[in-house]
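For reference, the structure discussed in these notes is given below.
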Amino acid sequence: MDQEKKYIPALTMALVVAVLPHTLEMPAWTTAWCALMWGYLLFSLRFGWPKPGRKLLSLLSLGGVAGLVLTYGVRFDSEAFVGLLAVMAALKPFESRTHRDRMITVFIAYFIIISSLLKSETFSITLYMFFSVLVTTGAMVHINDPFGRYGASIRRAGIIMVQAAPLMILIFLLFPRIEGSLLGLRQNSRAETGFSDRLRPGTVASLAENNEVAFRAEFKGPVVQMEKRYWRGVVFQQFNGHSWDRQAMVPEIKQAVAGKEQVAYTLSLQPHNQRWIFALDIPAKAPSSRSSLYQDFTIRSQRPVTRKRRYEMLSNTGDNSAVNYWGVEQAGILPQKSNPRAQKLAEKLLRDSAGPHEIVSRVLDYFRDNDFIYTLNPPLLGRSAVDDFLFESKKGYCEHYASAFAFLMRAAGVPARVVGGYLGGELNPWGRYLIVRQSDAHAWVEVWYPKHGWTRV
């Protein structure tokens, strides 16, 4: 017990420092698991509490692995790998009676430190890794120096790292590295969603052949039906005749949005270097204090998403309409003398229609009856992009149809706006979660009905 009291605090400190950068992205139960195990271990040393025997440790190991399977399914990517290391790190200090066990614990800490590079290669993470290596090396020195004090072991570890620095720099300069990242590892954080503050013709089509994962959604209950898998990201309100832009100033929604058929799920969002947090239409609230829900029913993070994030989400999927008067006035504005042929078409449709619902129906009929083609390789459009699409090329992807439809609605006096996001998702057969890829990117239109509010078409 005297040896355990001497070595276990240093080993536990090394593991805590190594795991700490992962706690924001690990499932909450994994973080709680580590805190509970390490807390009990330290209290058992102080107060003489009984430590779990081999059978109980085996059961705890099986329980931890079962939790990982329920969380990640049968996939074994970087997230599941880090989760497995965390579960191992939480239990291994209970088996520190021999020198071999203590060294294995140190190596687990080193593995966890290296796994930080699977998440990020930023300068701040690199500095933190040096600190974590210092603490872990100090623990390794300490368990190999039975008569030394922990403070002296930390100082010796610092000296070792300083002595190793010239060799590290030499290897860094001379060792071949793959271009594009600090240490040569593939950097997923360079992926882009394809959605910025502006939607142009071709924006979404460029993602159609990109099969990279945009995010995963794990549901606490049944997975939503296919027709309700609209993942809202950006709302484009302003049109300049060729492209659509996001409204600069959008008020926040301070209270949760009431609705039918609320769905709870966890969103694992890949880094995309923007502030959008994608959510099932219509999100009920922002997932955390570091994000906000806005009057256009979009959610934005306070900072760009530059590394993988997990969000606990809640959405209303009972219908596709929401009574919210914000944006109605802006959604009727068109630039003067823009796309004149489309404006004449809208005036004609307006004369022959009894109300907004009939105008929507007539525009959809116009697309169906005039030989329009859905294609990933549409011809380039000129300055009057809507006119060119409606009357010349008649070929386009979802953003072409959404832009033209929203323009015709506004020209006919029906407020309309374009929404950018994703549609669908691939169901994992072994778990209740969807994989949404960049190729699922989509743009659609919302129109304003006075009695029903914003309604997706």
Side-chain angles (χ1 to χ4, degrees), residues 1-26 30-31 33-49 51 82 84-172 175 182-183 185:
M1 179 60 75
D2 291 338
Q3 282 192 339
E4 290 184 334
K5 285 185 177 180
K6 181 179 177 63
Y7 297 132
I8 285 181
L11 291 172
T12 305
M13 176 63 70
L15 292 171
V16 170
V17 174
V19 169
L20 192 61
H22 299 285
T23 54
L24 293 177
E25 299 185 15
M26 288 193 310
T30 311
T31 303
W33 171 280
C34 292
L36 179 64
M37 298 299 170
W38 291 331
Y40 184 88
L41 176 64
L42 295 177
F43 276 104
S44 68
L45 293 178
R46 182 174 179 82
F47 300 109
W49 294 354
K51 293 171 58 177
V82 172
L84 179 60
L85 286 177
V87 169
M88 293 169 57
L91 296 176
K92 187 58 185 175
F94 287 107
E95 296 181 323
S96 298
R97 295 180 179 85
T98 67
H99 181 73
R100 175 180 177 275
D101 290 330
R102 293 190 283 270
M103 288 299 295
I104 290 176
T105 306
V106 169
F107 289 135
I108 291 175
Y110 279 126
F111 271 113
I112 297 174
I113 295 170
I114 291 296
S115 68
S116 296
L117 294 176
L118 299 174
K119 301 290 184 180
S120 174
E121 292 182 34
T122 62
F123 184 68
S124 59
I125 286 293
T126 303
L127 289 179
Y128 187 89
M129 287 176 61
F130 276 103
F131 169 70
S132 189
V133 168
L134 174 66
V135 174
T136 303
T137 305
M140 182 172 64
V141 172
H142 188 55
I143 65 177
N144 286 278
D145 184 8
F147 303 104
R149 299 177 63 86
Y150 183 58
S153 299
I154 289 290
R155 288 193 293 272
R156 183 170 296 179
I159 294 173
I160 293 173
M161 291 180 65
V162 170
Q163 292 173 337
L167 180 60
M168 179 191 68
I169 295 173
L170 184 64
I171 292 175
F172 179 80
F175 196 83
L182 179 63
L183 297 178
L185 296 178

Give the minimum heavy-atom separation between A89 and L15, together with the two atoms involved.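 In terms of heavy atoms, the two residues are closest at O-CD1, 3.4 Å.
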
How close do L11 and S96 get, counting heavy atoms only, and between which atoms?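 In terms of heavy atoms, the two residues are closest at CD1-OG, 4.2 Å.
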
F43: which residues meet the ring-ring contact (aromatic ring centres under 6.0 Å, His included) condition with it, sequence neighbours left out? F47, W49

Do T30 and H22 pair up side chain to side chain, a donor and an acceptor below 3.5 Å, judged on atom types alone?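 There is no such pair (donor and acceptor under 3.5 Å, judged by atom type) between the side chains of T30 and H22.
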
Polar side-chain atom of Y150 near backbone of G138 as donor-acceptor pair, under 3.5 Å: no

Any [X] side-chain heavy atom under 4.5 Å of [Y] side chain:
X: R102; Y: I8; result: no
X: V82; Y: I112; result: no
X: V19; Y: M26; result: yes
X: E95; Y: T105; result: no
X: F130; Y: L134; result: no

Pairs of donor and acceptor atoms involving the side chains of residues 155-164, under 3.5 Å and at least two apart or interchain, shall be tabulated with distances.
none

Counting heavy atoms not belonging to F111, are there more than 12 under 6.0 Å from its CZ? no

Tell me whether the rings of Y40 and F94 are parallel (<30°), tilted (30 to 60°) or perpendicular (>60°). tilted

